Amino acid sequence: MELMDSVLIVGGGGREHALLKALLRSDRALCVFAYPGNPGMERDGCMLVDQEIADWNDLAQWALMNDINLTVVGPEAPLADGIVDIFKKEGLLVFGPTKAAAQIESSKAFAKNLMKKYGIPTAEFEIFKEKDSALAYVEAKGAPIVVKASGLAAGKGAIVCGTFNEAKRTLEDIFDKKIFGTAGETVVIEEMMSGPEASVFVLTDGKGYKVLPVAQDHKRVGDGDTGPNTGGMGAYAPATGVVDAATMARVEKEIIVPTLTAMDKEKTRYRGLLYIGLMLTADGPKVVEYNCRFGDPETQAVLPLVHCDWYEAFSQCANARGNISGVKWKIDPGYCVSVVMAGKGYPGKAAKGKIISGIDAAEEKAADVYFAGVAAKAVEDKKNNDEDKEKDRKKYTTAGGRVLAVSARGETLTEAIANAYEAAAEIKFEGAVYRKDIGAKGL
Ligand code: AMP
Ligand code: GLY
């Protein structure tokens, strides 16, 4: 009998659920575990690590004990903690950048200095470690200006300040009130850029690379990009209206290749998924930020368009002698739209414990449903739940701000949008909110 390959996915959000579905789409027989995973991943046949895990060393020991062949790390926090270094030390194959390379996200000061040194286009900036010199710089440059905590701040660390007073208040919040804790010990202040944004995912072994279909996120909670910022309310791909083939060629030449070369030269060779947050300014494409991992919710819109053996692709990136360029890869010529459904109150505190229905019905419409803030409990009285036809007879309830994402494809963007919304309409829970204009910018 042929042995199955075992994979461990680290993380438990919509992105990790999308990584799981992508891995399972290939013909390869896989046995997939997740830590911590989520009930949607479990529903798709993934096993959740059912043991107390104290730290990443502990998880590496678990992976050794369970003969894991490949570990795929989803979120930035474990990468910034050095999970890849820990797993590698144990001889485990692991997809993701080392702690040193993950600085490309975990330290904006590192990323900005790298771009400056290697001439990679980005906003003009200075770095500060105390308030007075930062204030003097803001005063000299004038508003609008962007103030950023250098460290990881769950996507909330960049503040676009319209006035000098706003920038002053922001610097006081960061340096005096320490709203970002140690992540705000170093601050990057930069020029405000303007233009549409796009997310470019680069899968790389450090030298060779493959560019995934370009995506566009929708960060504000409300239609027409109104209301507060969120983790992302939906995405579509490819966003060729923002980054066309000619622009992408420029991005490869001016940003992707120089970044990989720079990381190699700095002895922080980058293996894994490099996320380039782009702004298409009047002066051409510039880097807003790098992330050391797949984006959420962009992944839920991008991966359904890529046909490849993801086990092979991740392994080639992870392996010291791997070569991603040799991996067979086919991009679907259509579009994919992912609509995030959130709980009432998001991005503030969202209501929890609301029963979610219609997941099967949404899937019957050829959509994928990716769980994020969802809890599961076994149904005790099946007689009273005749209408409950969820695969594994569990009740799913809301357990977080972003509850789930619904992705659907189409030959055209218009069709993909219609398909995603038709499927999303099947899913119901009290107080559900979602944007009605995901993808509209791309039309
Ligand atoms: P970041 O945390 O660096 O990704 O920034 C989060 C968001 O803030 C970006 O997606 C942009 O919308 C905005 N932003 C960051 N830097 C700038 C900048 N220099 N100019 C204009 N907007 C920015
Ligand atoms: N969607 C934005 C991010 O993943 O950072």
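Read the numbers this way: they start at 1 and go in the same order the structure lists the ligands and their atoms. Quantities reported herein were computed from a predicted structural model and do not represent experimental measurements. Each residue takes its place number in the sequence, starting with 1.
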Atom indices of ligand 2 within 4.0 angstrom of [X] heavy atoms, with elements:
X      : answer
Gly295 : 4 (O)
Asp217 : 1 (N), 2 (C)
Asn291 : 5 (O)

When you measure from [atom] to every protein heavy atom, which one gives the shortest distance, and what is it?
atom                    : result
atom 11 (C) of ligand 1 : Glu197 OE2, 3.2 Å
atom 5 (O) of ligand 1  : Ala158 CB, 3.3 Å
atom 5 (O) of ligand 2  : Arg293 NH2, 3.0 Å
atom 20 (N) of ligand 1 : Met193 N, 2.8 Å
atom 4 (O) of ligand 1  : Glu289 CD, 2.5 Å
atom 14 (N) of ligand 1 : Val288 CG1, 4.0 Å
atom 2 (O) of ligand 1  : Lys108 NZ, 3.3 Å

I need the contact type for [X] against ligand 2. Using non-hydrogen atoms and a strict under-4.0 Å cut-off, is it side chain, backbone, both or neither?
X      : answer
His218 : neither
Tyr275 : side chain
Arg15  : neither

Measure Met192 to ligand 1 on non-hydrogen atoms and call it side chain, backbone, both or neither using the 4.0 Å cut-off.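 Looking at Met192 and ligand 1, atoms from backbone and side chain both fall under 4.0 Å.
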Heavy atoms only, cut-off 4.0 Å: how does Glu191 contact ligand 1, side chain, backbone, both, or neither?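 Backbone only.
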Are [X] and [Y] close enough that their ring centres sit under 6.0 Å apart?
X      : Y      : value
Trp62  : Phe33  : yes
Phe128 : Tyr137 : yes
Tyr396 : Phe429 : no

Does NZ or CZ of [X] lie under 6.0 Å from the centre of the six-membered ring of [Y], at an angle within 45° of the ring axis?
X      : Y      : answer
Arg402 : Tyr346 : no
Lys21  : Tyr370 : yes
Lys436 : Tyr421 : no

Residue pair Arg435 / Val221: nearest heavy atoms and the distance that separates them: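 Looking at all heavy atoms of both residues, the shortest contact is CG-O, 3.2 Å.
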Among Val147, Ile145, Val160, closest by any non-hydrogen atom to atom 23 (C) of ligand 1: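 Checking each option, the heavy atom nearest atom 23 (C) of ligand 1 is found in Val160.
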Taking only heavy atoms of [X] into account, list the atoms of ligand 1 that are under 4.0 Å away from them.
X      : result
Met279 : 21 (C), 22 (N)
Lys219 : 10 (O)
Lys148 : 3 (O), 15 (C), 16 (N)
Glu190 : 16 (N), 17 (C), 18 (C), 19 (N)

Return yes when at least one protein heavy atom is under 4.0 Å from atom 7 (C) of ligand 1, and no when none is.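 There is no protein heavy atom less than 4.0 Å from atom 7 (C) of ligand 1.
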Go through Ile83 and Val94 one step at a time and tell me if the side-chain contact (heavy atoms from CB on, under 4.5 Å) criterion holds. CA-CA 9 Å; Ile83 190 172; Val94 53; 5.6 Å; no
Decide yes or no for Glu289 and Lys108: does some side-chain heavy atom of the first lie under 4.5 Å from some side-chain heavy atom of the second?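 Heavy-atom side-chain distance check passes, below 4.5 Å.
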Quick one: does Ala123 get an N or O within less than 3.5 Å of an N or O on ligand 1?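 Ala123 vs ligand 1: no N/O contact under 3.5 Å.
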Hey, are [Y] and [X] close enough side-chain-wise for a donor-acceptor pair under 3.5 Å?
X      : Y      : value
Glu105 : Tyr275 : no
Thr398 : Lys352 : no
Ser407 : Gln300 : no
Asp173 : Thr170 : no

Hey, does Glu289 come in under 3.5 Å of ligand 2, counting only N/O atoms on both sides?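 There is no such contact.
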Looking at Ser106, Pro97, Cys292, which one forms a side chain to side chain contact (heavy atoms under 4.5 Å, CB included) with Glu76?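 Testing each of Ser106, Pro97, Cys292 against Glu76, the sole residue satisfying side chain to side chain contact (heavy atoms under 4.5 Å, CB included) is Cys292.
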